[in-house]
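Working notes, structure below.
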There are 2 protein chains.
Amino acid sequence: MAQTGTLTHAVEEYLEAIHRFASAREGPTTTGLAEHLDVTPASVTGMLKRLADLGLIAYQRYGRIRLTPAGDRLAHAIVRRHRLAERLLADVLEVPLDQVHDEACRLEHALSPDVAGRIADKLGDPELCPHGHPIDAQADDRTMSLLDAPKSRALVVVRLENESPEVVRYLADQKLLPKARLKVRAREPVGGGVVVEVDGERHTIGRELAATIRVTRPRRTSRT
Amino acid sequence: MAQTGTLTHAVEEYLEAIHRFASAREGPTTTGLAEHLDVTPASVTGMLKRLADLGLIAYQRYGRIRLTPAGDRLAHAIVRRHRLAERLLADVLEVPLDQVHDEACRLEHALSPDVAGRIADKLGDPELCPHGHPIDAQADDRTMSLLDAPKSRALVVVRLENESPEVVRYLADQKLLPKARLKVRAREPVGGGVVVEVDGERHTIGRELAATIRVTRPRRTSRT
DNA sequence: GTAGAATTTTAGGCGAGGCTAAGATTGACG
DNA sequence: CGTCAATCTTAGCCTCGCCTAAAATTCTAC
Ligand SMILES: [Mn+2]
Ligand SMILES: [Mn+2]
Ligand SMILES: [Mn+2]
Ligand SMILES: [Mn+2]
């Protein structure tokens, strides 16, 4: 059983990745993790064994990958540090949004619980990271994927599941960052994209990308 | 020849340590580095070889350890990130001074040049770390060790060469942090300490500790 | 149900960076 | 100058985390 302070960066990175897949309701797979972490599937298998030995995941060969309660607790702590780091970078240091994720992904391993707490204090216990992910409790999720969203209804972007620099930069150009208001105008048939209207303009978002954008009907309270 | 982004944390940590010894006019030694880094002398020898292969230090068995120009440039960059991190922790996040060094010692490896630059911007290009070490150029050093300081003259603490939590906490208690004004009142004979008067009170500082406190005659401009 | 494709795991290997124990070198001192 | 303690290096070993190539398993389609 692993102790909080004793995890290597690699172990933390795997826990974080597994947690992300699970949160996105996507079963973590060997290949998926390999792509996400930019290592080979063989390396993932090796680490999965080690994580299982540490009691952080439940797993047997060729089987499902799931965090144990202990692994989940640790993963949450890591993701929390990541998101607090993102807020510090974005709000205090004014790092451009598309770089924020990658920078935080290194910082998260260097933040002590104490410093993380001080960041939260300093920023007034923010609820969301700059991409719209909750920093603390996962709460119940009333969002839907942009891919599944109904046509012609007012919608708000809640969060971006894909935080890579290219995606964030692209969506920033389209004004599709969290809090952006939009409507789905059309859906192109057979594998085509989603036509959205945002800020008076229409763009087409490809299926794969649309699937990673979570939206909701606007909350009455959020109309500033 | 090593590239900036390609250094491992361990290599960075050794460069930093070697740089610290050199800055403190103390020749870096295998044993000294081993103690500082909390590894065995044998491990240090192994790493020294690797650093020599990388062209970062000039060194041959049983010989002097010196940074090459390339190693020195990298070491400076690392130490600069360390001290900027310290200022961020101390000034923005209000981390207690005695913890600041250790936290920064992990953060320094996770800061990109871009983020380091933004910290410097945000803080208005600070000149000193919270322990009194210069963040950029080393400039000429007019300080002396408290151990060598003349009796009965007004002195100011410039910096603490030893930034460990115990030392910083102890000196904070004695009000001997940078900018503190003091006078040497006496020197105990044979290995004894230095009796200083600070803030109206007298304390005795042991030889070893006194040697790590750098002081100077007060600059006329610094009398606020 | 089975062939072929996709996925996953094993086997074997490597470099980084530690360790211990043992040997080499240096240097201090009588 | 020689001896002995301190310092430093070598030798041999270990774990972590990655790799490639090959084998095993599962999934998909017919
Ligand atoms: Mn990460
Ligand atoms: Mn985020
Ligand atoms: Mn460090
Ligand atoms: Mn400092």
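Just so it is clear, the structure is predicted and the values come from calculations on it, not from any experiment. A note on names: the letters A, B, ... follow the listed sequences, proteins ahead of strands, and every chain is numbered from 1.
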Between [N] ([atom2]) and [X] ([atom1]): distance, integer Å:
{"X": "A/Gln60", "N": "D/dT26", "atom1": "CD", "atom2": "C1'", "result": "15 Å"}
{"X": "A/Tyr62", "N": "D/dA23", "atom1": "OH", "atom2": "P", "result": "13 Å"}
{"X": "A/Leu37", "N": "D/dG17", "atom1": "CG", "atom2": "C1'", "result": "12 Å"}
{"X": "B/Lys49", "N": "D/dT9", "atom1": "NZ", "atom2": "P", "result": "8 Å"}
{"X": "A/Leu33", "N": "D/dG17", "atom1": "CG", "atom2": "C1'", "result": "15 Å"}
{"X": "B/Leu51", "N": "C/dG15", "atom1": "CG", "atom2": "C1'", "result": "15 Å"}
{"X": "B/Met47", "N": "C/dG17", "atom1": "CE", "atom2": "C1'", "result": "6 Å"}
{"X": "B/Arg64", "N": "D/dT7", "atom1": "CZ", "atom2": "C1'", "result": "14 Å"}

task: Answer yes or no: does a side-chain N or O of B/Arg61 lie under 4.0 Å from OP1 or OP2 of C/dT25?
output: yes
field: Side-chain N,O (B/Thr8) to OP1/OP2 (C/dA16) below 4.0 Å
entry: no
- prompt: Checking all strands, does B/Thr45 fall into the base, sugar-phosphate, or nothing category for heavy-atom contacts under 4.0 angstrom?
  reply: base
Where the side chain of [X] is concerned, which of [options] is the nearest nucleotide?
{"X": "B/Ala10", "options": "C/dC19, C/dG18, D/dG17", "answer": "C/dG18"}
{"X": "B/Thr30", "options": "C/dT10, D/dT26, D/dT9", "answer": "D/dT9"}
{"X": "A/Thr40", "options": "D/dC19, C/dG18, C/dT26", "answer": "D/dC19"}
{"X": "B/Arg50", "options": "C/dA16, C/dT10, D/dA11", "answer": "C/dA16"}
{"X": "A/Tyr59", "options": "D/dT9, C/dG18, C/dT9", "answer": "C/dT9"}

Would you say the side-chain atoms of [X] pair up with the backbone N or O of [Y], donor to acceptor, closer than 3.5 Å?
{"X": "B/Thr204", "Y": "B/Val194", "value": "no"}
{"X": "B/Thr68", "Y": "B/Gly55", "value": "yes"}
{"X": "A/Arg187", "Y": "A/Leu147", "value": "yes"}

query: Can A/Arg118 and B/Glu103 be counted as an ion pair, charged N to O under 4.0 angstrom?
result: no
field: Residue closer to the 5' end of DNA chain D, A/Val11 versus A/Ala42 (nearest nucleotide)
entry: A/Val11
- request: Evaluate the ring planes of A/His101 and A/His82, with Trp represented by its six-membered ring, and classify them as parallel (under 30°), tilted (30 to 60°) or perpendicular (over 60°).
  value: tilted
